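Encoded as structure tokens, the structure appears first; notes follow it.
The shown structure was predicted, so the numbers you read here are calculated from the model rather than taken from an experiment.
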There are 2 protein chains.
Amino acid sequence: MLLVPAGDSVIKVSVPTLRDVAALAGVHPATASRALNPDTRAMTSADTADRVIRAAEQLRYRPNTVARSLRTARSSSIGVVVPDLTNPLFPPIVRGIEAALAPRGYALLIVNTDNNPAQEEQLVGSLRARSVDGLILATARLSHPLLETLAAGDLPVVLVNRRREGLPLPCVIPDDAAGIGLAVAHLAQLGHRRIAHIAGPQDTSTGVARLRAFRAAVQEHELAQDKALISQCGSWSEAQGARALRELLDSGMSFSAVIAGNDMLALGCYDVLGERGIVCPDDLSVVGFNDMPFVDKLRPALTTVRIPHHELGAEAARLLLGQMKHFQRQEHSVLMPVELSVRQSTGPPPAASPGPPPAGGPGLAG
Amino acid sequence: MLLVPAGDSVIKVSVPTLRDVAALAGVHPATASRALNPDTRAMTSADTADRVIRAAEQLRYRPNTVARSLRTARSSSIGVVVPDLTNPLFPPIVRGIEAALAPRGYALLIVNTDNNPAQEEQLVGSLRARSVDGLILATARLSHPLLETLAAGDLPVVLVNRRREGLPLPCVIPDDAAGIGLAVAHLAQLGHRRIAHIAGPQDTSTGVARLRAFRAAVQEHELAQDKALISQCGSWSEAQGARALRELLDSGMSFSAVIAGNDMLALGCYDVLGERGIVCPDDLSVVGFNDMPFVDKLRPALTTVRIPHHELGAEAARLLLGQMKHFQRQEHSVLMPVELSVRQSTGPPPAASPGPPPAGGPGLAG
DNA sequence: CTGAAAGCGCTAACAG
DNA sequence: CTGTTAGCGCTTTCAG
């Protein structure tokens, strides 16, 4: 700490260090360190601890976390890897992570990969170089070299909203099967017999799980099982959702409802409805997945599977804390409960008659 | 770097350090450091540099940023302070910041204040303890003790989406006056004579600037100037926007259009439209500000003032870089251009006659 | 152009 | 309970 004269007093120019605190308290820096750290305070006498703490306050001492990190090889920071923060699904998850970690003194280094594997490698590398104490990944794919590297290393890692079997990586995911089950049951109960599914990328666990659940639920409810009622998307994007619905419509298949793999895909469906003058839910019911913020503001408000975004993040953070504490890692999925948010985008199918609507689209001419 | 035997070869257990690279290249660590750092590479012979770089690659050496930070007193990380990442306005701004800083090796520590000053103080404290090289604040208020503290310190700081006069803090803000001017002009041209304004918090620069601009524009266009057509909000929240519109409607004032201080307030207006069966834009036109992601998906799609979110963040980051480079700071506002995104929430006023619509609401009975 | 030496601020062994 | 000592991994003087 550098002091310079200013008039008849002195002002400090640089930030006070532990040495300064120790000097003021009349103890050795090591003792000051012990007194200031709650975990080691018991090693000092109450009197000493008191003097040191008072000195620290007087100097407005703030421990230099960088120095501490270098010494302890722990940085009290966590890397959070998401595809894109502007996708409204992720901010609530991030806030859940923050809520669980900030009280314990961790800071979040957030990076966006834009689903670019090369960029992801690079970003994760930069996070490791900053010696983050752990990593929360929302970008896991089923075939993902990086995950294998991470699984082989000893940095604590938790996956959120994605699982990856066969590797010792814990994950926190929504109950995809239950969610799709609820969606299909809801539509079946409304009278829908021919339901289409716009499936998400099959290199993501959610894409696969939801498609599989869709097939199972359709069978269970004895609804139309037709391969042509399923359209797959290459990414979880609005554009892909739109493309998929267009293809379904153009294929001439008849269906009165569509379950999109997630809300972004459902948003794409909405675009097509507008384009083609299809009225939702009168002509076509639409269901999404995730209950992203603001889908309740759409018109018609989107019926979707609600997942506990915040809790997903918080639980992932808790798993990470456990992992950092116990140095053990294992494949372990936490399934978060979901529910169906029924809104205006679903209603009875257009034709009250039990027969299928005419071909050429969802009950529409042409 | 620790090596342990594994069969007839060895595997490395710990991460390689500069010493290891130097040893492999047969030079002193200091030389290796110089060779690896582009800025000091010229101090080494091409041959040495080559050998060192090759050794680093071979060992997959990654410099330890923490050690570097301790030595250089720069952390290559930047603190980003936002009210709430789940407000869709902020993710694009954050991505703009990231886009400008990540290529230069900076990582982002993002914190959410929830508009809680105490929490904000604490979080900024924790960022400083992590010796961030600079701070980008999206939370500035007009009366804000923290800003004065920061302005007095020597940590580079830039404000984004908010300005604060009287302190040497550069800021990047949208052209609020121009935006409101465009909105009023658009409505005036559609034939509106009585326009209401739902003003944002008057302790924020944007709240003040937009209200002032509204008054000026209304006068310029010779529209109804009535204090009772202005309702103020305590926060930029949907709930406050709804409350404000309800009060305007209940006051019995007549108006055919409302300009909300931002899109969150406009969203609150939409809630009230639903509640009261008011048809937008037939009964009431609504304009927002910010063009938050997804407001184009509302029905009716929201007419709003588009601000360049990404550029706002990127420009703030650039100003910060300049500040970090030149150690100089000054009050300096960068005004970002805006434009009006005309969508379906605005249309001609309900009464084609030039006279004001009947009292009791925006052209509605009761 | 390269090596030696020092030290950023902190904590953890080890003595006493 | 407290002081001494050492060193985390890097960069930057200062010599040579």
Exercise. Taking the side chain as every heavy atom from C-beta outward, state whether E121(B) and Q119(B) have any atom pair closer than 4.5 Å.
Key: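 A side-chain contact under 4.5 Å is absent here.
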If you walk 5' to 3' along DNA chain C, what is the first nucleotide with an atom under 4.0 Å of a heavy atom in chain B, and what is the last?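 Range of nucleotides within reach of chain B: dC1(C) to dG9(C).
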If you assign each of T72(A) and R68(B) to its closest nucleotide in DNA chain D, which residue comes earlier from the 5' end?
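This one resolves to T72(A).
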Taking any heavy-atom pair under 4.0 Å as a contact, classify [X]: base, sugar-phosphate, or nothing.
{"X": "T40(B)", "value": "nothing"}
{"X": "T48(A)", "value": "sugar-phosphate"}
{"X": "S45(A)", "value": "sugar-phosphate"}
{"X": "S33(B)", "value": "base"}

**OP:** Check whether more than 12 heavy atoms from other residues, nucleotides or ligands sit under 6.0 Å from atom CZ of R62(A), and answer yes or no.
**Re:**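 Not more than 12 within 6.0 Å, no.
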Looking at [Y], is its backbone amide N or carbonyl O close enough to the side chain of [X] to form a donor-acceptor pair, meaning the two atoms are under 3.5 Å apart?
{"X": "R51(B)", "Y": "A25(B)", "value": "yes"}
{"X": "S205(A)", "Y": "R164(A)", "value": "no"}
{"X": "D133(A)", "Y": "S76(A)", "value": "yes"}
{"X": "D114(A)", "Y": "N116(A)", "value": "no"}

Pair R162(A) + D203(A), salt bridge at N-O below 4.0 Å: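 No, no charged N to carboxylate O under 4.0 Å.
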**Item:** SB check E315(A) R318(A) (cutoff 4.0 Å)
**Value:**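 Looking at R318(A) together with E315(A), the answer is yes, because their closest N to O distance falls below 4.0 Å.
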Members of residues 21-31 of chain A that approach DNA chain D, where some heavy atom sits under 4.0 Å away: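 Only V27(A), H28(A), A30(A), T31(A) qualify.
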Could you tell me the boundaries of the chain B footprint on DNA chain D, defined by atoms under 4.0 Å from its heavy atoms?
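Span of nucleotides near chain B: dG9(D) to dT13(D).
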On DNA chain C, nearest-nucleotide positions of R19(A) versus R34(A): which is more 5'?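 Comparing both residues, the 5'-ward one is R19(A).
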Pair up each side-chain donor or acceptor in residues 99-107 of chain B with any protein partner under 3.5 Å, not counting sequence neighbours, and list the distances.
none

Five pairs per end, C1' atoms only: what is the angle between the end axes of the helix from dC1(C)-dG16(D) to dG16(C)-dC1(D), to 10 degrees?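 The angle separating the two end axes equals 40°.
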Quick one about D47(A) and S45(A) (side-chain donor to acceptor, distance below 3.5 Å, no hydrogens or angles considered), yes or no?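 No, because no side-chain N or O of S45(A) sits under 3.5 Å from a partner of the opposite role on D47(A).
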Check: Do E120(B) and H144(B) have a side chain donor and acceptor closer than 3.5 Å?
Finding: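 Result is yes, a qualifying pair exists.
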| task | Start with the C-alpha distance between V172(A) and L319(A), add both sets of side-chain angles, then the distance that settles side chain to side chain contact (heavy atoms under 4.5 Å, CB included), and finish with yes or no. | result | CA-CA 9 Å; V172(A) 182; L319(A) 286 187; 3.6 Å; yes
Acceptor/donor pairs from residues 28-42 of chain B side chains to any protein atom, 3.5 angstrom cut, sequence neighbours excluded:
| unit_1 | atom_1 | unit_2 | atom_2 | d |
| --- | --- | --- | --- | --- |
| H28(B) | ND1 | A30(B) | N | 3.0 |
| N37(B) | OD1 | D39(B) | N | 3.0 |
| T40(B) | OG1 | R34(B) | O | 3.0 |
| T40(B) | OG1 | N37(B) | O | 3.2 |
| R41(B) | NE | A35(B) | O | 2.7 |
| R41(B) | NH2 | A35(B) | O | 3.4 |
| R41(B) | NH2 | L36(B) | O | 3.3 |

